[in-house]
Amino acid sequence: MATQLIKGNTAIIIGAMYARCDCYFGYPITPATEILHEASKYFPMTGRKFVQAESEEAAINMVYGASATGHRVMTASSGPGISLKQEGISFLAGAELPCVIVDIMWAGPGLGNIGPEQADYTQLVKGGGHGNYRNIVLAPNSVQEMCDFTIKAFELADKYRNPVIVLADGVLGQMVEPLQFPENISKHSINTSWAVCGNKETKNNLVASIFLDFDQLEDFNFRLQHKYETIKENEVEFEEYSMEDAEIILVAYGISSRIARSAVEKTRKHGIKVGLFRPKTLFPFPEKALKKIAEKRQCTFISVEMSNGQMIEDIILAIGCSRPVKLINRMGGNLVDVEDITKKIIEIAEGK
Amino acid sequence: MEDPRIKIIKKPKSILNEFPRKGGSASTATHYCPGCGHGIFHKLIGEAIDELNIQDRIVMTSPVGCAVFAYYYFDCGHVQVAHGRAPAVGTGISRAEDNAIVILYQGDGDLASIGLNEKIQAANRGEKMAVFFINNTVYGMTGGQMAPTTLVGEVTVTCQEGRDPRFTGYPLHMSELLNNLKAPVFIERASLSDPSHIRKAKRAVKKALKIQKEGKGYAFVELLSPCPTNLRQDAEGAEKFLNEQMEVEFPLTNFRDRSSEAEPLYRGASDFSKELLDNIFEVNTQSEMEPLDDPDFKTKVIKIAGFGGQGVLSMGLIIARAACKARNHVSWYPSYGPEQRGGTSNCTVVISGEIIGSPAIDNPDILVALNKTSLEEFIPRVKNGGTILYDLEIGNFNCQKNIRTIAVPATKIAKKHGVVKAANTVMLGVLMVISKEISQKFFIEAIKQSFAKKPKLIPINLDILEAGSKWAYKNLEI
């Protein structure tokens, strides 16, 4: 298959273009900026629409407008930019508009620094803006997945009329790996049952998230929750590595899962029964799969994160506190170290 | 036969007969207060839409404010938007649907306060939209607070002694502000105070929509409008307030009309063909085959470090490219951010026969150091039994471990070839010889590909690569 060395951020735009994304609206921010650069270069080359917005809020609201017309549309940013977009994301979720939002996380809080971190987990996986909504959140861990998950994100966004987040970090955005190019262009047609396109066919449509009547708004909220339950039923994805007999189970997503994989390879050589469980979807979180593992065998979980331990709460909830769950984490732009994980695994294996 | 002397004034077709979206028992009554300007203005928009025959093409944005329910009344496509964000939303709609006629309907808090940035920026881009700005000097829906357009001395619930410019500044003149920009096609301020003013306002509204019908760009109409409820006025008082006070602060005039010279702006259709994308990304001409698993291939980690500008990152990319051509699994990860700008720079290349775990491994098998700072920083991390390539000009250093150190006269050789910056390519030549896993032909191809856009540089770089490899064969035990 046609393979090229491609940067993670570029792979996002390649995926978006093969997924028929028609509009890109964004604001410059390291380490996500190359996504904006590539969009500014490639979208106009194909007659697609690109605007460098005046602010992150404007960018997400341009996404809202273009999405309301039924076209495929995206934006990308990093930590602080995502914080600014939260109002718009809530409106998108409330109006049930499909779109793709990429977050190449940097280290916070506040200005922090542009090093890689995974501390936007809570603000994107749990909600972030006002109201009872959820984003679908996909977590790639390679350049290939930066492309493939972006394509998938557009499909899920349309399927559920919901914002979909591609949650990556500075390392995934900046690294280069071989990318196998998509072999097809995604299919997409404007859904005239709800889109507002400025034509006769869609004249009677209304895109809105306002319900003055409390009961109506409550009904709508219950309907949203039902949609999220359907998503939980149908869209969970995860990967298991070396898990058959594992008694120590690393749980990690994104770049942490790559580092964790190296630690598994290394400690397996010492004869320790260790495996890696990698959620590919963070919402829906693979809670049933984790629960099943915890029920079936005596084991210890280790959440490997580049944050203060935001995903660990979901692991504990999933397994209902039935097994010990430890945390190995770094913050501030530091990567988790293979050696640190290895040491911890050996400690646990030796019963310390 | 119609009697030409009789003119029947009817409700515009583009305003609904009944308002089912509103609900409630009074299905033909609006939610607006008696005496409010919105009702009058809705009618003007409806009439203009009918007369221009553009109903199907309209996408109206309903703002946060009293007109949040504009979608109850107009028979057209609607998008309800967040407070202040209509210009950005309208931009998105207009860019995606070139033929849509976008109407922004905004009040003073929405347009001139929380959404001021979006307002100016969309106007400055000359977005295709008709903007109708209802200026009634007060926040209506939230209950009568001071607006950016509140007059000096005017009483509102948040300036109960009257607006005092010492603490709250002066009324913001939006039409004048936007008139400083180059892009807008049409800017006018009108009033809804009485029938003669309303007739003039109608002409401005129709003009703004005609500009949209013709796809000519940004049109802005500010309307002085009564809010008798919040300003505690009766009908007469409201009319007087508009004519005698607001008009003094906000003079009624056409600021600009460039509609006759403005050219229609069409943004064209998007191309979603695979052929075009494959062409753009050179999928069929510049691609390799996908990586193959090879359990016998021992994973190799190479770290390259030096000053920014020494070609540290590009050297790493050439190695990665050679590995990709050899169908190895490979990853390249740079230091990024402020480090890139002037300071030191480094990257890590991992080459493997299987899926790569961490791309950011700290302990390299091979360290290529192009300056002393980087050499000293990374020596402690080189694996036991590893190799360090460093520039001879760096001089002596301490290295305790069981590590092979190779002083390469990289800068010297590069200078001899007249390209002092190509020390990295000399190092590449040496690396190519000592790391036998990847065939030399892939390095040569990788260099050719890397300089594809500057083909003049290919021969000299290949010469320097060759010189590096010759030096290695001559001076090292291979």
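Just so it is clear, the model here is predicted, and its values are computed rather than measured. A note on names: the letters A, B, ... follow the listed sequences, proteins ahead of strands, and every chain is numbered from 1.
Of all the listed residues (Lys200(A), Glu201(A), Glu177(A)), the one sharing the greatest number of non-hydrogen pairs under 4.5 Å with chain B is Lys200(A). Heavy-atom pairs under 4.5 Å with chain B were tallied for Val264(A), Asn199(A), Ile255(A); the largest tally goes to Asn199(A). Contact count against chain B (heavy-atom pairs under 4.5 Å) is highest for Val176(A) among Val176(A), Val143(A), Ile60(A). Taking Arg57(B), Gln55(B), Glu282(B), Glu288(B) one by one and counting their heavy-atom pairs under 4.5 Å with chain A, the maximum is reached by Glu288(B). Across Ile120(B), Val283(B), Thr348(B), Leu276(B), the residue that shares the most heavy-atom pairs under 4.5 angstrom with chain A is Val283(B). Note: Met1(A) leads Met1(A), Glu339(A), Gln180(A) in heavy-atom pairs under 4.5 Å with chain B. Among the candidates Ile6(A), Ile14(A), Thr202(A), the residue making the largest number of heavy-atom pairs closer than 4.5 Å to chain B is Ile14(A). Heavy-atom pairs under 4.5 Å with chain A peak, among Asn284(B), Ile361(B), Ile58(B), Asn117(B), at Asn117(B). Residue with the most contacts toward chain B among Met17(A), Arg261(A), Glu183(A), Arg48(A): Arg48(A) (heavy-atom pairs, distance under 4.5 Å).
Residue contact with chain A, scored on non-hydrogen atoms closer than 4.5 Å, is absent for Ile54(B). Both the backbone and the side chain of Ala2(A) come within contact range of chain B, judged by heavy atoms closer than 4.5 Å. Using a 4.5 Å cut-off between heavy atoms, Ser273(B) contacts chain A through its backbone alone, with no side-chain atom that close. Of the two parts of Ile190(A), only the side chain, counted from C-beta on, holds a non-hydrogen atom closer than 4.5 Å to a non-hydrogen atom of chain B. In this structure, the portions of Phe281(B) lying under 4.5 Å from any heavy atom of chain A include both its backbone and its side chain. Residue Asn205(A) touches chain B through its backbone alone, counting heavy-atom pairs closer than 4.5 Å. Both the backbone and the side chain of Tyr18(A) come within contact range of chain B, with heavy atoms under 4.5 Å apart. At a 4.5 Å heavy-atom cutoff, the contact between Arg21(B) and chain A is made by side-chain atoms alone. Heavy atoms closer than 4.5 Å to chain A are found in both the backbone and the side chain of Ala82(B). Glu354(B) touches chain A through its side chain: at least one heavy atom from C-beta onward sits under 4.5 Å away, while N, CA, C and O do not. Residue contact with chain B, scored on non-hydrogen atoms closer than 4.5 Å, involves the backbone of Pro182(A) exclusively. When heavy atoms are compared at a cutoff of 4.5 Å, Leu317(B) approaches chain A by way of both its backbone and its side chain.
Residue Ser358(B) holds its OG atom at 7.5 Å from CZ of Arg258(A), rounded to the nearest 0.5 Å. Rounding to the nearest 0.5 angstrom, the gap separating the CG atom in Leu277(B) from the CZ atom in Arg20(A) is 10.0 Å. Note that the NZ atom of Lys187(A) and the CZ atom of Phe272(B) stand 14.5 Å from one another [nearest 0.5 Å]. Residue Ile356(B) holds its CD1 atom at 7.5 Å from CE of Met175(A), rounded to the nearest 0.5 Å. Expressed to the nearest 0.5 Å, how far CD1 of Ile355(B) lies from CG of Asn141(A) amounts to 9.0 Å. Distance check: Ile318(B) CD1 to Leu5(A) CG gives 11.5 Å after rounding to the nearest 0.5 Å.
Put simply, the side chain of Phe91(A) reaches to within 4.5 Å of the side chain of Gln80(B), judged on heavy atoms. Between Val171(A) and Pro359(B), the closest side-chain pair of non-hydrogen atoms falls below 4.5 Å. Using a 4.5 Å heavy-atom threshold, the side chains of Pro178(A) and Val330(B) count as touching. Thr3(A) is not listed as a side-chain neighbour of Ser287(B), based on a closest heavy-atom distance of 4.5 Å or more. Put simply, the side chain of Glu87(A) reaches to within 4.5 Å of the side chain of Arg85(B), judged on heavy atoms. Two residues are said to be in side-chain contact when any heavy atoms from C-beta on lie closer than 4.5 Å; Tyr333(B) and Leu172(A) fail this criterion. For the pair Asp75(B) and Lys203(A), the minimum side-chain heavy-atom distance is below 4.5 Å. Looking at Gln286(B) and Gln4(A), their side chains come closer than 4.5 Å, going by heavy atoms from C-beta outward.
Pairing each heavy atom of Asn184(A) with each of Lys274(B), the nearest pair is N-CE, 3.9 Å. Residues Ala360(B) and Leu335(A) come closest through the heavy atom pair CB-CD1, 3.3 Å. The two residues Cys197(A) and Val59(B) have their closest heavy-atom pair at C-CG2, 4.2 Å. Shown here for Ala269(B) and Lys49(A), the closest heavy-atom pair between the two residues is C-NZ, 4.2 Å.
Judged by distance alone, the side chains of Thr46(A) and Asp271(B) never bring a donor and an acceptor atom under 3.5 Å apart.
Here the side chain of Thr69(A) pairs no donor or acceptor atom with the backbone of Ile93(B) at under 3.5 angstrom. Side-chain atoms of Ser270(B) come within 3.5 Å of backbone atoms of Gly47(A) as a donor-acceptor pair (strictly under, hydrogens ignored).
Inspection of non-hydrogen atoms places Arg95(B), Ala96(B), Glu97(B), Ala100(B) of residues 94-104 of chain B under 4.5 Å from chain A. For a heavy-atom cut-off of 4.5 Å, chain B lies close to Ser209(A), Ile210(A), Leu212(A) in residues 209-217 of chain A.
A salt bridge links Glu54(A) with Arg125(B); the closest basic N to acidic carboxylate O contact falls under 4.0 Å.
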